[in-house]
2 protein chains.
Amino acid sequence: MNDIAVAAPERKRGFGVKKAYDLLRTEILDLTLPPGSPIDEVQLADRLALSRTPIREALARLAMEGLIDTLPNRSTMVSNIDFLNLPAYFDAITLMYRVTTRLAAQNWRPDDLDAIATHQSEFSTAVANHDALAMISTNREFHAAIAEAGRNPYYTALFVRLLDDGRRLLRLYYQSFNDRPPPSVIDEHEDIIAAITARDIEASDRLAKAHADQIVRQIQKLLSWDQRQNIEL
Amino acid sequence: MNDIAVAAPERKRGFGVKKAYDLLRTEILDLTLPPGSPIDEVQLADRLALSRTPIREALARLAMEGLIDTLPNRSTMVSNIDFLNLPAYFDAITLMYRVTTRLAAQNWRPDDLDAIATHQSEFSTAVANHDALAMISTNREFHAAIAEAGRNPYYTALFVRLLDDGRRLLRLYYQSFNDRPPPSVIDEHEDIIAAITARDIEASDRLAKAHADQIVRQIQKLLSWDQRQNIEL
DNA sequence: ATTATACATTTTGTATACTGAAAAGCCCAG
DNA sequence: CTGGGCTTTTCAGTATACAAAATGTATAAT
């Protein structure tokens, strides 16, 4: 049916689902596929030069993650950002910042500190380059590495999920600074690293909370700006 | 093709995946399928009188939940209970007990109290009947209802997941009391309800923590008993 | 006897084909 | 026009068919 799409002859077995899953996931989180976009299985299938079967398995996974909504027997679409539950989101992510950072201070092993430091330097680079997308992903990796060091997979899973869900919001955050976040962010990261390294649990907690609060406040400010339109009455 | 498999003529379309998913999920959590059991797609397919396609979609979902592990191009099996991470589990579930109960005290609406009360009375009935399985599920519903009243879907999702993961452990807990949990459990539930109703956040937190601690301590006691064998040296 | 290699079997991943449910189009009566 | 019932079309859900891994087995070579 489709003589085009010849490009990829390398057909390694077992990577179809992953390919579809990864692609869709990043496109959804990057807002390339905005919330509400319908997802056409057939179209996707020939875009990826796959059949519908692996696509559907990928969609099943995404549905479990809540990234897509699927109406029975009818179309499936990218799920909406739940702006009504933003307070819940902020509450949860703040708690996860705190808990994971605390636990990191308590449970880290030498390897963890290396990983954290690496991600922090990548983050600095991204900031230096004013590359918002890179900032978001390196920031995520930075905090994910801290969570890993805390060694509680349940917290890590929730935290990572929140960070990913928040990618759509975080983009707003960085845009608000014109892709130049306040230098304080880097310092805050450094302070957190220091507190973790010193195994100072209380300080880690406090700094993590401050860090979270800073981000949350900024986003709230943004959103409230958006909401307040000066309408003449 | 297949003249046998007559049993289920009611072939409502769109319920195949759900059927497979629900069945596997409960069997895994009930330990009917013990950790490590291999899962044979073909066998499952004819057991449910379905083709492999819906089975595989169900498996994809379960894999996302971490209930099954799947090696690429190799067999898939029921994932193990991660006994190494039991401390992490206890830590997380205790925190979720606290947070959800706090939030419930803060955010409940009249409907919520009804739901909670209903589940509590169902739980009492289960206790009266010495029905461990019913206790586990009604207890889950009770705490899930509290979490719902807290209105933070992120916490609720994690908490419910922890409670479900813990079904395998909770069975141990109730068995330890010979399916007659200490009457204190019911009283603790009642106290929690009272604190929530009174919108007493601090008390809710304290009681939830005490409740969690009680369960955790009991399970820890059980596990340590198991480990200590009196070997003569 | 042990290892290596070829063949067969099992099983997973993917493609294609079929079916039915719901939306969209259509027709005609009011 | 307009809205209720009918037909058509479309697409989600399922079944089946096929292909590539991986594993097991038997036989040959050392």
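Computed from heavy atoms alone, side chains included, the values below leave out hydrogens, waters and symmetry copies. Keep in mind that this is a model prediction, so the values were computed, not measured.
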Spacing between A:Q43 atom CD and D:dA12 atom C1', to the nearest angstrom
16 Å

Start with the C-alpha distance between A:L62 and A:T76, add both sets of side-chain angles, then the distance that settles side chain to side chain contact (heavy atoms under 4.5 Å, CB included), and finish with yes or no.
CA-CA 11 Å; A:L62 292 167; A:T76 114; over 6 Å; no

Does the side chain of A:H119 come under 3.5 Å of the side chain of A:N139 through a donor N or O and an acceptor N or O?
no

List every contact pair, protein side and nucleotides 9-12 of chain C side both N or O, where the distance is under 3.5 Å.
from   : atom 1 : to    : atom 2 : distance (Å)
C:dT12 : O2     : A:R13 : NH2    : 2.0

With a 4.0 Å cut-off, would you call A:R161 and A:E65 a salt bridge?
no

Can you tell me if B:S51 touches the phosphate of D:dA15, counting only side-chain N or O atoms and a distance under 4.0 Å to OP1 or OP2?
yes

Figure out the CG/P separation between A:L50 and C:dT16, and round it to whole Å.
11 Å

Can you measure A:F15 atom CZ to D:dA19 atom P for me and round it to whole angstrom units?
22 Å

Any ion pair linking A:R52 and B:E57 (charged N to carboxylate O, less than 4.0 Å)?
no

Gap between atoms CD1 and P, on B:I55 and D:dG13 respectively (whole Å)
16 Å

Tell me, which pairs form a ring pair (Phe, Tyr, Trp, His ring centres under 6.0 Å) where one or both residues lie in residues 91-116 of chain B, sequence neighbours left out?
B:Y97-B:H143, B:Y97-B:F159, B:Y97-B:H211

Checking B:N73 now: which residues fulfil side-chain hydrogen bond (donor to acceptor under 3.5 Å, both in side chains) with it, not counting sequence neighbours?
A:R13

A:L48 CG to C:dA15 P: how many Å, rounded?
10 Å

Measure the distance from CG on A:L44 to C1' on D:dA12 and round it to the nearest whole Å.
14 Å

